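Working notes for the structure below.
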Amino acid sequence: MSMYVAVDIGASSGRLILGTVAEGKLKLEEVHRFKNGFTGENGHDCWQIDHLVDEILTGLEKIKARGINRVNLGIDTWAVDYVLVDEDGNKLHDPIAYRDSRTDSAITSLTSTLPKEYIYEKTGIQFQNFNTLYQLYTEDKAVLDKTDKIMMIPDYLGYILTGNAVTEVTNASTTQMLNLRQGLFDKDLMSEVNVEADQFPHLVEAGTLLGAVRRKWRKRYDIPETDVITTATHDTASAVVGTPGFGDNWAFLSSGTWSLLGAELNTPENGLAAFRENYTNEWGAYGTYRFLKNIMGLWIIQRVKEELNNQYSFAELAALAEKEESFKTFIDVNDLRFQNPENMIQELQNYAKETSQFVPKTPGEIARAIYDNLSLYYADSVHKLSTIIGHPITTLNIVGGGSNVALMNQLTADLGGVTVVAGPSEATAIGNIIVQMITAGEIKNVVAGRHLIADSFDLKTFEPQKDAFTGILAKYQKFLANAK
Ligand SMILES: Nc1ncnc2c1ncn2[C@@H]1O[C@H](COP(=O)(O)OP(=O)(O)OP(=O)(O)O)[C@@H](O)[C@H]1O
Ligand SMILES: C[C@H](O)[C@H](O)[C@@H](O)C(=O)CO
Ligand SMILES: [Mg+2]
């Protein structure tokens with residue numbers, strides 16, 4: 001019986017989860033959890049990448065301490081960010097975080113010479129100012145000259161552990177530099193940002209064997225024999241694999257720091273409607289496409305929780321929100337002002353004042369405003385998604401930490417008129433493990449993996465309550481249209 005370790009590192013937290021199949025069910029155990037986050041370094045927001053390597057090895061030590069001497073391991077993280085590696089294989093500096101202000105005006109500048117339509121036709125990827133394309137566009141040319149390899153975060157972590165460098169396609173697609181038709185890095189976009197073809201390691205599909213963790217680490221840390229498999233290294237790609245959706249009329253909502261709402265397609269959809277609504281075609285595992293929209297997500301409540309000095313847990317904030325009246329304030333949660341403001345509570349209150357609405361003040365009122373408007377945005381996005389892909393969506397599978405918020409699950413079901421199936425909250429780690437199990441030949445494919453997930457975890461269903469909040473979504477859609 002093989003043991004699988006998912007290293008799942010999100011923007012807010014990381015974890016090592018041990019998975020194995022027993023009595024026909026996937027059994028998970030979180031063996032190590034650690035905080036993640038960026039810190040100021042040389043005038044930029046940077047990730048502490050060496051700390052992440054140490055946390056992975058510390059987690060493996062805990063596994064060894066349980067008497068487990070051999071594991072498979074897959075690493076998934078957030079998207080778009082990268083490490084610049086010199087000819088000696090050493091990082092030039094800590095990776096700069098995607099919320100750093102250096103790319104605030106990069107899209108405007110780059111697309112003044114390269115039209116957005118041209119880029120979207122090639123890549124089908126959404127315009128987010130932090131995409132790798134725009135980060136590289138802002139890089140100092142002298143720094144790029146010293147760069148031998150550009151490694152995406154999970155690929156870099158795999159490289160440090162095994163010595164082998166690859167670029168896994170699900171995360172590579174988030175760069176907005178992969179050409180949909182060629183299946184390769186697009187030469188025109190590469191030259192636009194002064195990057196040469198061989199500066200990215202070769203592309204591999206999710207599920208590719210990367211190699212064994214190097215002896216040097218086994219001498220410094222008491223860890224099991226570990227074979228690293230390049231899983232679906234973009235955390236959202238792993239989350240989609242780990243989402244127990246079936247048939248043709250389901251959509252996913254990976255609800256964590258970001259809310260990623262979309263559908264799994266077999267061919268990309270990069271037409272005019274998708275372009276206008278800024279939907280993206282991130283590559284999925286096994287030749288699929290994750291046609292989705294980035295929604296600001298629980299980042300907003302994460303910042304509010306910190307600004308309240310963490311005196312409330314997320315569960316307590318959700319409970320406080322339950323007690324409040326609904327829909328007292330409309331907010332365009334995807335407004336860029338919420339991407340990384342100095343003070344999120346202040347930003348939310350200023351927004352309410354500027355739009356002549358009720359100003360939420362208490363923790364419960366603020367949390368309610370956030371959950372109400374995320375739910376409204378989800379409902380609107382489900383309708384837009386269904387229109388663009390041309391078929392109805394009857395079920396929305398909500399996974400990730402946000403699936404614990406019953407208030408949002410019910411509001412989204414009511415407002416969207418869809419059945420919400422909530423869970424598993426650790427879908428990302430589960431999907432990471434499913435890909436490893438497919439590579440190891442322990443399960444046949446993703447569909448078999450999703451049936452195993454449905455049989456193994458407690459999923460909660462939220463049916464839309466008839467006539468609940470009639471007209472509210474239409475009012476919100478009008479508010480959004482006027483807010484643009
Ligand atoms: N019991 C709970 N009640 C309310 N909210 C919760 C609960 N548990 C988790 N959350 C929400 O889930 C979020 C974390 O989700 P998740 O663990 O999927 O994110 P992550 O993996 O750490 O980060 P990323 O989204 O970058 O991958 C928290 O910020 C919080 O808002
Ligand atoms: C920038 C984000 O990481 C990315 O858009 C999102 O897909 C993600 O990775 C959420 O964890
Ligand atoms: Mg996550």
Side-chain angles (χ1 to χ4, degrees), residues 6-15 17 30 33-38 47 75-82 95 97-100 103 125-132 134-135 152-154 170-171 173-176 232-240 242-243 252-262 278 280-284 290 292-306 310 312-322 334 339-340 344 367 370-371 374 398-409 422-432 460:
V7 178
D8 169 28
I9 309 176
S12 64
S13 64
R15 72 281 280 156
I17 293 190
E30 182 179 290
R33 179 177 279 263
F34 50 92
K35 274 194 76 57
N36 190 23
F38 47 79
W47 302 105
I75 302 168
D76 71 78
T77 75
W78 66 98
V80 303
D81 290 345
Y82 54 86
Y98 64 82
R99 291 191 199 270
D100 184 87
T103 57
I125 292 294
Q126 64 188 325
F127 290 86
Q128 299 278 3
N129 59 9
F130 46 66
N131 289 348
T132 314
Y134 312 110
Q135 293 193 45
M152 304 304 284
I153 296 285
T170 67
N171 206 28
S173 68
T174 70
T175 62
Q176 199 172 24
T233 62
H234 179 201
D235 57 2
T236 309
S238 271
V240 172
T243 301
F252 59 79
L253 167 54
S254 177
S255 177
T257 301
W258 285 89
S259 298
L260 296 316
L261 193 149
N278 204 26
T280 199
N281 294 272
E282 290 173 351
W283 297 21
R290 297 172 285 130
L292 63 85
K293 184 168 189 67
N294 268 47
I295 301 167
M296 203 64 80
L298 296 166
W299 157 255
I300 302 176
I301 195 85
Q302 287 170 5
R303 287 289 305 277
V304 166
K305 178 176 181 286
E306 279 168 22
N310 293 306
Y312 301 98
S313 70
F314 288 122
E316 286 164 341
L317 285 169
L320 288 171
E322 289 261 12
N334 254 13
Q339 188 163 298
N340 198 15
M344 185 64 82
I370 293 166
Y371 292 138
L374 284 174
I398 301 181
V399 298
S403 67
N404 293 299
V405 188
L407 171 65
M408 271 203 300
N409 295 337
S425 61
E426 291 296 354
T428 303
I430 293 166
N432 176 326
K460 292 187 175 61

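Only a predicted model underlies this, so the values are computations on that prediction, with no experimental measurement involved. These numbers come from the heavy atoms of this one structure, side chains and all, not from hydrogens, waters or symmetry mates. All ligand and atom numbering here is 1-based and tracks the order in the structure. Numbers here are sequence positions counted from 1.
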With side chains defined as the heavy atoms from C-beta onward, is the minimum distance between [X] and [Y] less than 4.5 Å?
| X | Y | answer |
| --- | --- | --- |
| Gln128 | Thr174 | no |
| Glu322 | Tyr371 | no |
| Tyr98 | Thr103 | no |
| Gln339 | Arg99 | yes |

Should you measure from each heavy atom of Ala79, which atoms of ligand 2 turn up under 4.0 Å away?
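The atoms of ligand 2 under 4.0 Å from a heavy atom of Ala79 are 3 (O), 4 (C), 9 (O).
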Under 4.0 Å from a heavy atom of Phe130: which atoms of ligand 2 are those, numbered in the order shown and with their elements?
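Atoms satisfying the 4.0 Å criterion: 1 (C).
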Looking only at protein heavy atoms, which one is nearest to [atom], and how far off is it?
| atom | answer |
| --- | --- |
| atom 17 (O) of ligand 1 | Arg15 NH2, 3.0 Å |
| atom 2 (C) of ligand 1 | Asn404 CB, 3.6 Å |
| atom 20 (P) of ligand 1 | Ser12 OG, 3.6 Å |
| atom 6 (C) of ligand 2 | His234 NE2, 3.8 Å |
| atom 26 (O) of ligand 1 | Ala11 N, 2.7 Å |
| atom 9 (C) of ligand 1 | Gly401 O, 3.4 Å |
| atom 29 (O) of ligand 1 | Gln302 NE2, 2.8 Å |
| atom 5 (O) of ligand 2 | Asn294 ND2, 2.9 Å |
| atom 2 (C) of ligand 2 | Trp258 NE1, 3.7 Å |
| atom 23 (O) of ligand 1 | Thr257 OG1, 3.2 Å |

Report the distance from atom [atom1] of [X] to atom [atom2] of [Y], rounding to the nearest 0.5 Å.
| X | Y | atom1 | atom2 | answer |
| --- | --- | --- | --- | --- |
| Ile153 | Asn171 | CD1 | CG | 9.0 Å |
| Ile300 | Thr257 | CD1 | OG1 | 11.5 Å |
| Phe252 | Thr236 | CZ | OG1 | 8.0 Å |
| Met408 | Ser255 | CE | OG | 4.5 Å |
| Asn310 | Tyr312 | CG | OH | 12.0 Å |

Any nitrogen or oxygen of [X] lying under 3.5 Å from a nitrogen or oxygen in ligand 2? Just yes or no.
| X | value |
| --- | --- |
| Asp235 | yes |
| Gln126 | no |
| Thr77 | no |
| Thr236 | yes |
| Leu260 | no |

Minimum non-hydrogen distance to atom 6 (C) of ligand 1, winning option of Trp78, Trp258, Phe314:
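Answer by nearest heavy atom: Phe314.
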Nearest non-hydrogen contact to atom 13 (C) of ligand 1 from the set Val405, Asn36, Leu298 belongs to Leu298
Taking ring pair (Phe, Tyr, Trp, His ring centres under 6.0 Å) as the test, write out the residues that go with Phe314, two or more places apart.
none
Please determine if Ser13 has a nitrogen or oxygen closer than 3.5 Å to a nitrogen or oxygen of ligand 1.
yes
Could you list the atoms of ligand 1 found under 4.0 angstrom from a heavy atom of [X]?
| X | answer |
| --- | --- |
| Gly402 | 12 (O) |
| Gly400 | 18 (O) |
| Asp235 | 27 (O) |
| Gly256 | 15 (O), 18 (O), 19 (O), 25 (O) |
| Ile301 | 31 (O) |
| Gly10 | 23 (O), 24 (P), 26 (O), 27 (O) |
| Ala315 | 3 (N), 4 (C) |

Within the structure, is a non-hydrogen atom of Thr257 found at a distance of less than 4.0 Å from ligand 2?
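No.
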Residue-ligand contact Gln128/ligand 2, heavy atom below 4.0 Å:
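False for this residue.
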Which one holds for Thr174 and ligand 2: side chain close, backbone close, both close, or neither close, with close meaning a heavy atom under 4.0 Å?
neither
If we set the cut-off at 4.0 Å for heavy atoms, which region of Tyr98 has an atom near ligand 2: side chain, backbone, both, or neither?
side chain
Describe, in one word, how the ring planes of Trp47 and Phe38 are oriented to each other, choosing from parallel (under 30°), tilted (30 to 60°) and perpendicular (over 60°).
perpendicular
Taking 4.0 angstrom as the limit, do Glu306 and Lys35 come out as a salt bridge?
no
Within the side chain of [X], is there an N or O that forms a donor-acceptor pair under 3.5 Å with the backbone of [Y]?
| X | Y | result |
| --- | --- | --- |
| Asp8 | Ile430 | no |
| Ser238 | Ala232 | yes |
| Ser173 | Thr170 | yes |

Could you tell me if Gln135 and Asp81 have a donor-acceptor pair between their side chains, going purely by distance under 3.5 Å?
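Looking only at side-chain atoms, Gln135 and Asp81 do form a donor-acceptor pair, the distance falling under 3.5 Å.
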Pair Asp76-Asn432, side-chain donor/acceptor within less than 3.5 Å
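The criterion, which ignores hydrogens and geometry beyond distance, is satisfied for Asn432 and Asp76.
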Got a sec, which residues hit side chain to side chain contact (heavy atoms under 4.5 Å, CB included) with Ser403, two or more places apart in sequence or on another chain?
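Checked Ser403 against side chain to side chain contact (heavy atoms under 4.5 Å, CB included); matches are Ile398, Ala422, Ser425.
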